[in-house]
There are 2 protein chains.
Amino acid sequence: MPHGNGMGPRWWHRRFRGCGYRMTVPRQAILDVLSKTSRHLSAEDVFMAVHKVYHHVGLTTVYRTLELLVQMGLVSKFDFGDGRARYELLEGSKDSGHHHHLICTKCGRIIDYTDFIDEEIKLLKETEKGLSKKYKFKITNHLIQFYGLCDKCKDKR
Amino acid sequence: MPHGNGMGPRWWHRRFRGCGYRMTVPRQAILDVLSKTSRHLSAEDVFMAVHKVYHHVGLTTVYRTLELLVQMGLVSKFDFGDGRARYELLEGSKDSGHHHHLICTKCGRIIDYTDFIDEEIKLLKETEKGLSKKYKFKITNHLIQFYGLCDKCKDKR
DNA sequence: TTGGTAATGGAAACCATTATCAATAAGGAG
DNA sequence: CTCCTTATTGATAATGGTTTCCATTACCAA
């Protein structure tokens, strides 16, 4: 189901133009790659996928575009501790795609989870309010990650 | 109040020996530095502080020792997104020093906070239990960070 | 004291990410 | 459709935190 997230080439094009940016072949290709995977791709992953179709697109452009997408709020950038950043296209228009990650410290496997989001949001709302007041800190974002051993790794050794 | 955390040279020495490691001058110096600050030092920060007293201690050893301390569970390693790892000596013997961070995305300032720990622990316990069961994932650690603008930065511009 | 091994440190290697800069191409005006 | 402005691109070089290498040194049990 391509572009089942309600976005797609046309939507992205408008979004870019609205920000004063141009929609180019490399940018389109990068968005395509991100929209067709559920994995957490590194810049090089994206580069290799794009490169299969458009041999002329360079790694530099991939980095630049990913950074641009992050700044536009279309993509999230994560650090799972393996020394390279990971990128993920944000689904939907609101928080509908909000999720967190379980990270296996042995094999690096990433599991997305959306459980306990309600309780989490409640705690976060409360926490954010309290912290904002106490430290006069305007919170714009948060990160929650769990580390441990996945199904396959926890029995070995 | 040196070593008010109930540890100190003697305690560390025993801990090292217990793990089959040796307590050396560089390791002692690095622990000293970490125990005398409440800031979140980078490897180079630690190196420079140690270097003032022991000119012969090398950066490589600092990296190695910090990694060792992390593995021994004496030190926490954080990534605040500025491209360098930060290290923090764990206080106390249990979770008494447990805290999280507010990170100013503009100036990089870090604020430690311990508020809402009770509610947080409740949510985490619940979440961890649920996730462990659902994904057969053994959770060993978690990370919670809030990003935003600090007091001084949020009014500017 | 001695032998075996852990630990060290300087230099070089690593590697993801960024900066440089001339060449290219998107898209509005005419 | 064509031109023109300027954002965008991509090959290469540079950056910078962290690791690796390896010969030397320090620790400690026997």
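Sequence lines set the chain letters: A, B, ... in the order given, protein chains first and strands last, and positions in each chain run from 1.
Cluster annotation: B/Val33 and B/Met48 are assigned to the same hydrophobic cluster (Ile/Leu/Val/Met/Phe/Trp/Tyr, side-chain heavy-atom contacts under 4.5 Å, transitive).
Taking atom CD of A/Gln28 as the reference point, atom P of D/dT8 lies 15 Å away to the nearest angstrom. Atom-to-atom, CG of A/Leu68 to P of C/dT18 comes out at 13 Å; the value is rounded to the nearest Å. To the nearest angstrom, C1' of D/dT19 lies 16 Å from CG of A/Asp82. A straight line from OH of B/Tyr87 to C1' of D/dG17 spans 10 Å, rounded to a whole angstrom. D/dT18 atom P lies 11 Å from atom CG of B/Asp45, rounded to whole Å. Between the P atom of C/dG9 and the CD atom of B/Glu44 lies a distance of 16 Å, rounded to the nearest Å. Between B/Asp79 atom CG and D/dG16 atom C1' there is a gap of 15 Å when expressed in whole angstrom units. C/dT17 atom C1' lies 12 Å from atom CZ of A/Arg84, rounded to whole Å.
Listed pair B/Arg27 / C/dT8 meets the phosphate criterion, a side-chain N or O lying under 4.0 Å from OP1 or OP2. OP1 or OP2 of D/dT18 has at least one side-chain nitrogen or oxygen of B/Tyr63 nearer than 4.0 Å.
Counting heavy-atom neighbours within 6.0 Å of B/Glu126 CD, excluding the residue itself, gives a total above 12.
Under 3.5 Å, the side chains of A/Glu44 and A/His51 contain no donor-acceptor pair of N or O atoms. Side chains of A/His100 and A/Asp112: a donor-acceptor N/O pair is absent below 3.5 angstrom, by distance only.
Here the closest non-hydrogen pair linking B/Trp12 and B/Asp32 is CZ3-OD1, 4.0 Å.
Under the 30°/60° scheme for interplanar angles, the aromatic rings of A/His101 and A/Phe80 are found to stand perpendicular. Between A/Tyr21 and A/Phe16, the ring planes are perpendicular. Angles over 60° get that label, and only those under 30° would be called parallel.
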_Summary of protein contacts for nucleotides 10-15 of chain D, nucleotide by nucleotide, where a base hit scores B, a sugar-phosphate-only hit scores S (4.0 Å, heavy atoms)_ = BBB---
*Sugar-phosphate atoms are those with a prime plus P, OP1 and OP2; base atoms are the rest. Using that split, label each nucleotide of nucleotides 25-30 of chain C B, S or - for protein heavy atoms under 4.0 Å, 5' to 3'.*
-BSS--
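With respect to A/Lys77 and A/Glu88, no salt bridge is recorded, no charged nitrogen being found less than 4.0 Å from a carboxylate O. Under a 4.0 Å N-O distance rule, the pair A/Asp45/A/Arg86 qualifies as a salt bridge.
A residue-by-residue look at B/Arg86 and A/Phe16 shows that A/Phe16 has its nearest nucleotide of DNA chain D further toward the 5' end.
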